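Order of the sequence lines sets the chain letters (A, B, ...), proteins ahead of strands, with each chain counted from 1. Just so you know, these numbers use all the heavy atoms, side chains as well, and skip hydrogens, waters and symmetry mates. Please read all numbers here as calculations on a predicted model, not as lab measurements.
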Protein chains: 2
Amino acid sequence: MLGTNICRVTASAQPSARTARTRERLLAAALDLFSRNGYDGTTVAQVAAAAGVTEMTFYRHFGSKEALLLEDPYDPLMVAAVGRQPVALPPIVRVVRGVRTAWEQVPIEDAAPVRERVRIAGGSPALRASMHANTRRSQEAIARQLVDDGADAVAAAVASSAVMAALMTALLLWAQGEDADLGAAITGALDVLDVGAGPKG
Amino acid sequence: MLGTNICRVTASAQPSARTARTRERLLAAALDLFSRNGYDGTTVAQVAAAAGVTEMTFYRHFGSKEALLLEDPYDPLMVAAVGRQPVALPPIVRVVRGVRTAWEQVPIEDAAPVRERVRIAGGSPALRASMHANTRRSQEAIARQLVDDGADAVAAAVASSAVMAALMTALLLWAQGEDADLGAAITGALDVLDVGAGPKG
DNA sequence: CGACAAATGTTAGTTCCTAACATTCAGGAT
DNA sequence: ATCCTGAATGTTAGGAACTAACATTTGTCG
């Protein structure tokens with residue numbers, strides 16, 4: 001969520017140069033206005049105007065006001081990392097360790113742009129709620145992986161939702177602070193859920 | 001969330017009989033229309049009309065369309081139950097066991113009306129997202145309790161958010177099924193997060 | 001240049017929600 | 001019963017996030 005996508009599989013067919021430019025302008029204008037006037041204090045019309053474009057065009061590039069901030073393609077890295085954990089472990093432990101290993105390699109230089117978005121999102125209750133909706137695909141994919149490996153359906157759903165919530169909480173806390181190392185922040189936070197073994201078990 | 005409030009401290013000053021009646025009519029009309037046409041397929045104007053009332057009146061009784069379904073006063077029972085768990089335990093375990101004990105005594109006869117609401121909420125992504133926003137107060141209260149007992153702030157926030165997410169997942173799954181025993185469903189689900197000891201440790 | 005398609009604009013409408021002001025209704029004092 | 005007052009409701013107007021249908025521009029390629 002929130003441009004925090006670890007994976008680099010993004011674009012399918014490359015869009016025209018023109019499309020990419022207006023998209024960039026809209027994004028820049030929105031981020032600027034959001035951080036200056038707040039998300040709720042900024043209207044789509046304002047963003048569109050600042051980008052020299054119509055409201056309608058905004059909606060054609062980003063399906064919604066939220067999407068501009070939260071939009072992130074489904075990230076298969078976490079699912080894969082979970083799948084790589086020993087099947088013998090309890091589901092919750094598998095998910096914690098999978099997600100943790102997937103995130104602890106995030107390069108520091110990727111952190112700065114992410115922090116701004118997460119900060120903005122954290123400032124609006126509506127946006128914070130939407131972050132959950134946004135992680136749903138990953139959550140379901142992880143649960144599916146667990147079930148495929150023989151886990152109970154309820155256990156799989158509960159474990160993946162709990163870990164994704166923890167991940168979000170960690171991200172929000174990290175964005176509020178000044179700590180540069182995103183990977184470390186998340187690794188540390190997820191240790192809370194992995195009671196069985198000490199950190200990095 | 002969703003009328004699933006365990007605690008019975010509800011009303012402050014009693015509202016006039018008239019107020020209570022229109023409120024009831026609105027609620028009944030809404031639940032009926034929601035379950036027949038879906039939440040997104042029902043407009044506030046329709047609900048108001050079905051209750052023989054204006055849209056404005058709807059908003060005076062329920063602050064928003066979502067509020068009608070999600071509205072639930074802050075529930076101190078979970079916080080108290082968490083506080084009662086041994087301080088020596090890791091935060092995540094304390095929260096899991098606290099929330100679990102708070103819920104496993106819910107009488108079966110309370111389950112039916114809850115199930116309808118959770119079912120409706122589960123059917124709409126927007127509503128599902130809002131459920132998270134709705135649990136935030138409880139989540140923060142639990143985290144505060146943990147911090148008061150000496151836990152790290154990040155650990156407290158992560159643990160409480162993870163458990164609340166698990167609780168919601170369990171509720172949504174329970175509402176979809178036919179199992180009558182809400183308490184048992186939640187108890188079982190939360191065991192997933194309590195790896196340290198077997199069920200009911 | 002001319003055609004074709006993608007990108008953008010225009011207009012109109014729906015829905016959720018709010019604000020300001022007017023009206024009706026219920027219940028107590030006279 | 002009548003009046004009076006405050007609570008509950010109605011009315012109107014409008015903002016903001018969207019959506020749909022249709023018109024227009026813009027870039028590109030033969």
Of the candidates C:dA7, C:dT8, C:dC17, the side chain of A:T19 sits closest to C:dA7
In whole angstrom, what separates A:R18's CZ from D:dT28's P? 9 Å
What is the distance from CZ of B:F62 to P of C:dC17, rounded to the nearest Å? 13 Å
side-chain N/O B:S16 vs D:dA8 OP1/OP2, d < 4.0 Å: yes
So which of A:Q139, A:E140, A:H132 actually passes side chain to side chain donor-acceptor pair (under 3.5 Å) with A:R136? A:E140
Is the phosphate of D:dA8, meaning OP1 or OP2, less than 4.0 Å from a side-chain N or O of B:T57? no
Can a cation-pi geometry be assigned to A:K65 and A:Y39, taking NZ or CZ under 6.0 Å from the six-membered ring centre and within 45° of the ring axis? yes
Identify which nucleotide among D:dC18, C:dC17, C:dT8 has an atom closest to any side-chain atom of A:K65, counting heavy atoms from C-beta outward. D:dC18
Atom CZ in B:R115, atom CG in B:D110: separation rounded to 0.5 Å? 13.0 Å
May I ask you to verify if any side-chain N or O of B:H61 is less than 4.0 angstrom from the OP1 or OP2 atom of D:dA8? no
hbond_proxy A:R60 side chain to C:dG9 base (donor-acceptor, 3.5 Å cutoff): yes
Under 3.5 Å: donor-acceptor pair, side chain of B:S124, backbone of B:A121: no
How many Å lie between CZ on A:F58 and P on D:dC18, as a whole number? 8 Å
B:M56 atom CE is separated from C:dT15 atom P, nearest whole Å, by 18 Å
Residues of residues 30-50 of chain B with a heavy atom under 4.0 Å from any atom of DNA chain D, listed by number, are none
Residues passing the ring pair (Phe, Tyr, Trp, His ring centres under 6.0 Å) test with B:Y59, sequence neighbours excluded, are none
Can you measure A:E55 atom CD to D:dA17 atom P for me and round it to whole angstrom units? 7 Å
Rounded distance (Å) that lies between atom C1' of C:dA7 and atom CG of A:L26: 12 Å
B:Q46 side chain vs B:T43 backbone, donor-acceptor pair below 3.5 Å: yes
What's the closest nucleotide to the side chain of B:Y59 if the choices are D:dT11, C:dC16, D:dC18? C:dC16
Could B:R23 and B:E71 be called an ion pair, given the rule that one side-chain N must be under 4.0 Å from one carboxylate O? yes
From C-beta outward on B:T54, which listed nucleotide comes closest to its side chain: C:dC16, D:dA8, D:dT11? D:dT11
B:S64 side chain: which of D:dT9, C:dC17, D:dT26 is closest? C:dC17
What's the CG-C1' distance between B:L68 and C:dC17, to the nearest Å? 15 Å
